[in-house]
Structure formats: structure tokens, C-alpha cells
Amino acid sequence: MLKSFTRNYEDNSTDAGFQFTFYCDVCNDGYKSSFVESETYKRGKGLRNLSRGLGLLGNLAGGRLGNLGYSVERGGDILSERFEGQSPEWHKEHENAFTQAQNEAQQHFHRCHGCHQYVCDACFNEDEGLCTDCAPRQEVYVAKARASAMRRNVDEAGEEAIV
Ligand SMILES: [Zn+2]
Ligand SMILES: [Zn+2]
């Protein structure tokens, strides 16, 4: 399992290419990195086309591909199982693509100086450099304070009316 800068991420990679979704540590909103086609897969495709003509290897590759498509469709498989049988080259690409995807996704996240979580735009208080967990946005805070002040006024007014 690769280690992500956010606490949660999803690996959307297949044998054809690599893609990852990173989730905000606060609201769990996801950011999906751009799809990177696997070089190994591209080369393999050429190979498979060649071998299909020769009647070799094509069955093998086709069979494995078929299974993979099936398990991706089912979606429930654990990652290690899903990526089992991929070539070492694929795994190397996978790792590189993950680093690349993280660099890309980090542009869309902010690191909180308080709790060091990575959060999305909506969960980041730019003024404070803190996530909304650590520093509620001023507007939100003001709105809350105003609401409770109003409640207090209404209560007081009610009491006065009784007296
Ligand atoms: Zn968020
Ligand atoms: Zn924080």
C-alpha cells in the first residue's frame, strides 16, 4: 500500500494506466488526479497485436486482461489482489505515477499549520493558514455568534414581556 499525503486516498489504477483520488482530511471531498497511461501497457498492446497474428501469447494476455476487467467491474477487490500479477515494470510505473499524482493533487490541497492535515479549499482558512477544524472561518464564527446573540435578545425580550 502506497502512502498518501492525505489520510485517505483511492487507487483507481488499472493495467492500462494510473489514476488516484485523494480525499480532504476534514470533509472527505475527493480530488482525482489526471489519468496517466501505462507505458508497459502501451508496449504490451503492440506485443499482443503482434502475437495475436502468430497465435501465441495473445490468449495468455487476453485471459489475464479479461479477469482484470472483471474484477475492476466488481470493484470490491482489495488492492493487493487487484494488482497481483502485474509486471515489476508496471509496479515501478505505478509508484512513479503515484508520486506524480500526489504532486498534482497537492496543488489542490492546503496543509494546516495547526494539525498538519491536508484539506481542500473549502476547509482551509487562508487568513490563518489553518484548517476549519482548527480555526473556524470568521464568517461562520460571526454568523454563529450573531445567531446566539439574537437568541439571547429574543429570550430577554420574552422575559421582559412576561415581567
Ligand atoms: Zn474539505
Ligand atoms: Zn487543522
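All of these numbers come straight from a predicted model, not from anything done at the bench. One-based numbering, in listed order, for ligands and for the atoms of each.
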>> According to ring-ring contact (aromatic ring centres under 6.0 Å, His included), who are the partners of F124, at least two apart in sequence or on a separate chain?
In response: H110
>> I'd like to verify the contacts: list protein N, O or S atoms under a distance of 2.8 Å from the Zn ion (ligand 2).
In response: C112 SG, C115 SG, C131 SG, C134 SG
> Between SG of C123 and SG of C27, what angle is found at the Zn ion (ligand 1), rounded to 10 degrees?
Replying inline: 100°
> Quick one: salt bridge (charged side-chain N to carboxylate O under 4.0 Å, His left out) partners of K32, sequence neighbours excluded?
Replying inline: none
> Residues two or more places apart in sequence or in another chain: which of them pass salt bridge (charged side-chain N to carboxylate O under 4.0 Å, His left out) with E37?
Replying inline: K45
> Does the side chain of E93 come under 3.5 Å of the side chain of S38 through a donor N or O and an acceptor N or O?
Replying inline: yes
>> Any carboxylate oxygen within less than 4.0 angstrom of a Lys/Arg side-chain nitrogen, looking at E39 and K42?
In response: yes
> Below 6.0 angstrom between ring centroids: does that apply to F109 and F5?
Replying inline: yes
